[in-house]
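Hydrogens, waters and symmetry mates play no part in the numbers below; they use all other heavy atoms, side chains included. Sequence lines set the chain letters: A, B, ... in the order given, protein chains first and strands last, and positions in each chain run from 1.
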2 protein chains.
Amino acid sequence: MNYKEAKDKFIQTWGSLGTLWGINKAMAQIHALLFISPEPLSMEDVMEELHISRGNTSMNLRQLIDWGIVYKTSKVGERKEYFASEKDINELAKQIARERSRREIQPTLKVLKEVSSIEDDGSEKTKEFIRQTKALHDLASTADSIMNRVVNQESNWLTKTFMKLLK
Amino acid sequence: MNYKEAKDKFIQTWGSLGTLWGINKAMAQIHALLFISPEPLSMEDVMEELHISRGNTSMNLRQLIDWGIVYKTSKVGERKEYFASEKDINELAKQIARERSRREIQPTLKVLKEVSSIEDDGSEKTKEFIRQTKALHDLASTADSIMNRVVNQESNWLTKTFMKLLK
DNA sequence: ATAAACTTTCAATAATTTTTGAAAGTTTAA
DNA sequence: TTAAACTTTCAAAAATTATTGAAAGTTTAT
């Protein structure tokens, strides 16, 4: 396998994985491309490499910036903007964990808390509902605490902790 | 909020969350319904509660069974099959972790290993590619080890470990 | 063997999500 | 101020994914 083949395969794989953690294919592919590029790329570069339209590129770059895993840079004497991805893998993991917590877990916890607080009328179905939604709340809440802890520690905490756990 | 409202809200929320962990809405809603039901439900019951077709119900119940989080049961003297979800939250978390590892992480690891093994021709872009794909491989691999450990421990390991970490 | 009770399959349709591309918007240089 | 260089927006189109429902399939009782 040569560089070009490996690169295409990586971008393709990362792209289809993206849909699994809640971002679309183009967004994940742009991220993959920037992640392995030694130099920041312009919008034009991204469009050409991935064969996607200007509009699509613009919108998805914006989203990546919103997620905090891609940055705008500029080159002296050039008007164009260039884009670079977060290169540090720990920083990337932290950022993703942070965003997933904010976008998914927090809103879910809110709903779980709400629905598990209905009045217990004594019926079996109500009891079961309260029991099960409370259990889910606890699970999600615990998972979220872990994620927040990862997010708020020094960059290597994740790896260190994992290594300890694996001993 | 009464029981019916809370139930609908829970099913709705769980349904839209589903798309985020890689299962479709109907599948997640069926799971939600069974998860809070004190009794196993028939296909008919599920169709009526969620207003979805027979075919849809059948296919998604099958998938839930494939994921290992819903079981078929039967009632004596009845020909119909009934369906019940895994009720134990630790078992549910384990099962989901196990399936996500098998379906997503393992295949990704395979590709990452493959593409990060291309020959280093000394160019900056190749060096960067190898460095970054290796780093991702390490991250995914570590995350997977954790998940497998969770999967292979006694039912309460997850919660216990989390509690320790939070101290 | 027949038929009733039930489940599965799958081609057609519907719903949703993504992508395009051209017009509108913005910034900078002269 | 003008215009060139570049980016963003968004309605329409395309692509993808989910759902339906009726026919085919299966199982069980008689």
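For the pair B:Thr142 (side chain) and B:Asp138 (backbone), a donor-acceptor distance under 3.5 Å is present. Remark: side-chain polar atoms of B:Glu49 are not paired, donor with acceptor, to backbone N or O of B:Val46 under 3.5 angstrom. A:Thr19 places no side-chain N or O within 3.5 Å of a backbone atom of A:Gly15 that could act as its donor or acceptor partner.
Bounding nucleotides for the chain B contact on DNA chain C, 5' to 3', at a heavy-atom distance below 4.0 Å, are C:dA4 to C:dC10.
With rounding to whole Å, B:Glu78 atom CD is found 14 Å from D:dT28 atom P. Taking atom CZ of residue B:Arg54 and atom C1' of nucleotide D:dA18, one finds them 19 Å apart after rounding to whole Å. B:Met27 places its CE atom 15 Å from the C1' atom of D:dT17, with the value rounded to the nearest Å. In this structure, the CG atom of B:Asn60 is 9 Å from the P atom of D:dA18, given to the nearest Å.
Counting any heavy atom pair closer than 4.0 Å across all strands shown, B:Glu81 reaches sugar-phosphate atoms only and no base atom. Residue A:Asn24 is in sugar-phosphate contact alone, with no base atom involved, counting any heavy-atom pair closer than 4.0 Å across all strands shown.
Between A:Lys80 and A:Arg62, the residue anchored nearer the 5' end of DNA chain D, judged by the nucleotide with its closest heavy atom, is A:Lys80. Mapped onto DNA chain D by nearest heavy atom, A:Lys25 and A:Arg79 fall at different nucleotides, with A:Arg79 at the one closer to the 5' end.
Seen from the ring of A:Phe129, B:Lys7 does not count as a face-on cation partner, given the 6.0 Å and 45° thresholds.
By the criterion of side-chain heavy atoms lying less than 4.5 angstrom apart, applied directly or through intervening Ile, Leu, Val, Met, Phe, Trp or Tyr residues, A:Met47 is not grouped with A:Trp14; the two fall into different hydrophobic clusters.
Annotation: B:Glu119, atom CD; neighbour count of heavy atoms from other residues, nucleotides and ligands within 6.0 Å does not exceed 12.
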